[in-house]
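Data block below; observations after.
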Amino acid sequence: MISISIIIPIYNAGRSIIRCLKSVSKQTFVDYELILIDDGSKDDSYSLVHKYLVKDSKLSEKTRVYRKENSGVAKTRNYGISLAKGQYLAFIDQDDFIASDYFEALYSEIENSNKSNVDIVVGGYERIAADGRILRRITLKSSEWAGYVVTSPWAHLYRTDFIRSNEICFLDNGIGEDVYFNVVALNSNAEVVVSSNYGYKWFYNENSVSNSIQNTFSEEVDAIYLLDSIHNKLIDIEKVNGTLSDDVCLEYFFARYICWYMLYSTRGSSKELIARAYNTCFGWLRKYYPKYRRNKYLGLRQPKGENPKFHAFVFVFYLLERINILKGLLKLFGRR
């Protein structure tokens, strides 16, 4: 059985896909298959991939290429999961690339683990600018929070049978399709191993949809649908009296996500939309986590492995919420 199935969705990738493919071809780990899925590209991505594979016979032998009508990255990744033959799944985004020892480092964590089944391996990454500068480096240490640090599907290995048996998929939503996948996987009784490797290179693309679509509240970006979907799926999986188990990290994650969503989307929104989103988000939090204000991580204490700067934002955000001035302050930054 193949060890790793690498899934790369492609949509109008331009020449960035060639850099991505070259980095896969240079891997010191060789027991993998590569699944490339063109999601109805309108540029020449599909032909560029084929031209490159003709030149790189080593990679070509390991690669299957598919082309389909455009349906979005969530459905494309889910299609890739259905095609995978490997023991583990790995995802790479078309703009990104990986260090030559990336898969060797992650897979060695499985081989060196004393766990009978490793369901998830999670590692770090480097954020790379267009001029090659390293904007940020994330190195993980084993902790209860480590699995929440990287909520994108890349920088992970997922055991294929674990994903399929729990019917975990990417959510077809305008926001957080990957957040859904990772949070559900983490909370499905997963055996998680943390790697200190940061061989994934996350390229900063200023024209990325994710850098623009989420800067305002809109019907296309439905955070509550995302939160409800995660919550309901975990109830289905855990079957604990129809409610989620009392998990302080999961509760902090939801509170933290609402903080991020409100701060990020306020910039381009009207005061009316800000007030509506505020009421909806905190209504959701009070409904499912009525004691959220008592969460130890919403105070000065932070989860081991959390970014101190991010935690400071969350701390101040919920401090202002406790004294009932947060909504008014957020509205000050909105459009008239």
Side-chain angles (χ1 to χ4, degrees), residues 7-12 37 39-41 68-82 89 91-96 120 147-156 158 163-164 166-188 190 202 205 207-238 244 250-269 273-274 276-285 287-289:
I7 300 169
I8 304 179
I10 300 169
Y11 180 72
N12 293 349
I37 308 171
D39 185 32
S41 291
K68 64 179 185 61
E69 292 184 3
N70 179 255
S71 61
V73 68
K75 290 182 178 178
T76 303
R77 287 181 181 142
N78 290 336
Y79 181 48
I81 293 172
S82 73
L89 301 167
F91 298 91
I92 304 176
D93 284 354
Q94 63 185 23
D95 292 335
D96 303 338
I120 303 173
Y148 291 95
V149 174
V150 182
T151 53
S152 296
W154 42 256
H156 291 77
Y158 305 92
I163 295 298
R164 288 174 174 166
N166 285 293
E167 299 181 343
I168 301 170
C169 61
F170 290 90
L171 186 69
D172 190 17
N173 190 38
I175 183 175
E177 84 288 336
D178 44 5
V179 173
Y180 173 89
F181 186 88
N182 279 287
V183 174
V184 169
L186 280 174
N187 289 278
S188 300
W202 180 20
N205 182 357
N207 299 318
S208 171
V209 171
S210 63
N211 287 331
S212 58
I213 192 173
Q214 296 168 15
N215 64 359
T216 186
F217 300 114
S218 68
E219 293 180 359
E220 291 78 23
V221 181
D222 192 344
I224 296 302
Y225 176 70
L226 167 64
L227 299 178
D228 275 341
S229 297
I230 295 173
H231 181 83
N232 294 335
K233 178 63 175 178
L234 294 183
I235 287 177
D236 290 341
I237 290 176
E238 296 192 23
L244 291 175
L250 182 62
E251 182 180 65
Y252 174 72
F253 168 79
F254 282 128
R256 183 183 188 269
Y257 190 86
I258 286 172
C259 168
W260 169 85
Y261 175 64
M262 292 298 303
L263 291 177
Y264 195 78
S265 299
T266 292
R267 297 176 296 172
S269 299
L273 284 176
I274 292 169
R276 189 185 308 165
Y278 182 95
N279 292 337
T280 302
C281 287
F282 279 98
W284 187 93
L285 200 54
K287 178 180 178 180
Y288 293 113
Y289 293 93

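These numbers come from the heavy atoms of this one structure, side chains and all, not from hydrogens, waters or symmetry mates.
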Quick one: are [X] and [Y] in side-chain contact, heavy atoms under 4.5 Å?
{"X": "P9", "Y": "I37", "answer": "no"}
{"X": "D96", "Y": "W154", "answer": "yes"}
{"X": "L234", "Y": "L250", "answer": "yes"}
{"X": "F91", "Y": "R77", "answer": "yes"}
{"X": "L285", "Y": "I258", "answer": "yes"}

*Return the minimal non-hydrogen interatomic distance between A190 and A185, and the atom names on each side.*
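Closest heavy-atom pair between A190 and A185: CB-O, 3.3 Å.
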_Looking at every heavy atom in both M262 and I274, which two are closest together, and how far apart are they?_
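Closest heavy-atom pair between M262 and I274: CE-O, 4.0 Å.
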*Look at the aromatic rings of Y257 and F253 and report parallel, tilted or perpendicular, splitting at 30° and 60°.*
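Tilted.
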*asked:* Using the rule given for side-chain contact (heavy atoms from CB on, under 4.5 Å), can you reason through I81 versus C169, listing the C-alpha separation, both sets of side-chain angles and the distance that settles it, and then say yes or no?
replied: CA-CA 8 Å; I81 293 172; C169 61; 5.7 Å; no
Rounded to the nearest 0.5 Å, what separates atom [atom1] in [X] from atom [atom2] in [Y]?
{"X": "D93", "Y": "D178", "atom1": "CG", "atom2": "CG", "answer": "8.0 Å"}
{"X": "H156", "Y": "I120", "atom1": "NE2", "atom2": "CD1", "answer": "6.5 Å"}
{"X": "L226", "Y": "I175", "atom1": "CG", "atom2": "CD1", "answer": "6.5 Å"}
{"X": "F181", "Y": "L186", "atom1": "CZ", "atom2": "CG", "answer": "10.5 Å"}
{"X": "I237", "Y": "S188", "atom1": "CD1", "atom2": "OG", "answer": "3.0 Å"}
{"X": "K287", "Y": "H231", "atom1": "NZ", "atom2": "NE2", "answer": "8.0 Å"}

*asked:* side-chain contact (heavy atoms from CB on, under 4.5 Å), that's the test. Do N173 and S229 meet it? Break it down for me.
replied: CA-CA 10 Å; N173 190 38; S229 297; over 6 Å; no
_Test of understanding: with salt bridge (Lys or Arg N to Asp or Glu O under 4.0 Å), list the residues that count as partners of R276, not counting sequence neighbours._
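Once residues adjacent in sequence are excluded, the partners of R276 under the salt bridge (Lys or Arg N to Asp or Glu O under 4.0 Å) criterion are E272.
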*Please determine, by modelled atom types, if D172 and Y180 share a side-chain donor-acceptor pair under 3.5 angstrom.*
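No pair is found: no donor N or O on one side chain lies under 3.5 Å from an acceptor on the other.
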Hey, is the main chain of [Y] close enough, under 3.5 Å, to the side chain of [X] for a donor-acceptor pair?
{"X": "N12", "Y": "S41", "result": "no"}
{"X": "N182", "Y": "T151", "result": "yes"}
{"X": "S82", "Y": "Y79", "result": "yes"}
{"X": "D39", "Y": "S71", "result": "yes"}

*Can you check side-chain contact (heavy atoms from CB on, under 4.5 Å) on V73 and Y11, steps first, answer last?*
CA-CA 8 Å; V73 68; Y11 180 72; over 6 Å; no
*Have a look at F254 and tell me which of Y288, Y261, W284, F282 forms a ring-ring contact (aromatic ring centres under 6.0 Å, His included) with it.*
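One option only clears the test, and that one is W284.
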*Could you give me the CA-CA distance, side-chain angles and deciding distance for K68 and T76, then say whether side chain to side chain donor-acceptor pair (under 3.5 Å) is met?*
CA-CA 9 Å; K68 64 179 185 61; T76 303; 3.0 Å; yes
*Let me see the working for L171 and Y225 under side-chain contact (heavy atoms from CB on, under 4.5 Å), right down to the final yes or no.*
CA-CA 10 Å; L171 186 69; Y225 176 70; 4.0 Å; yes
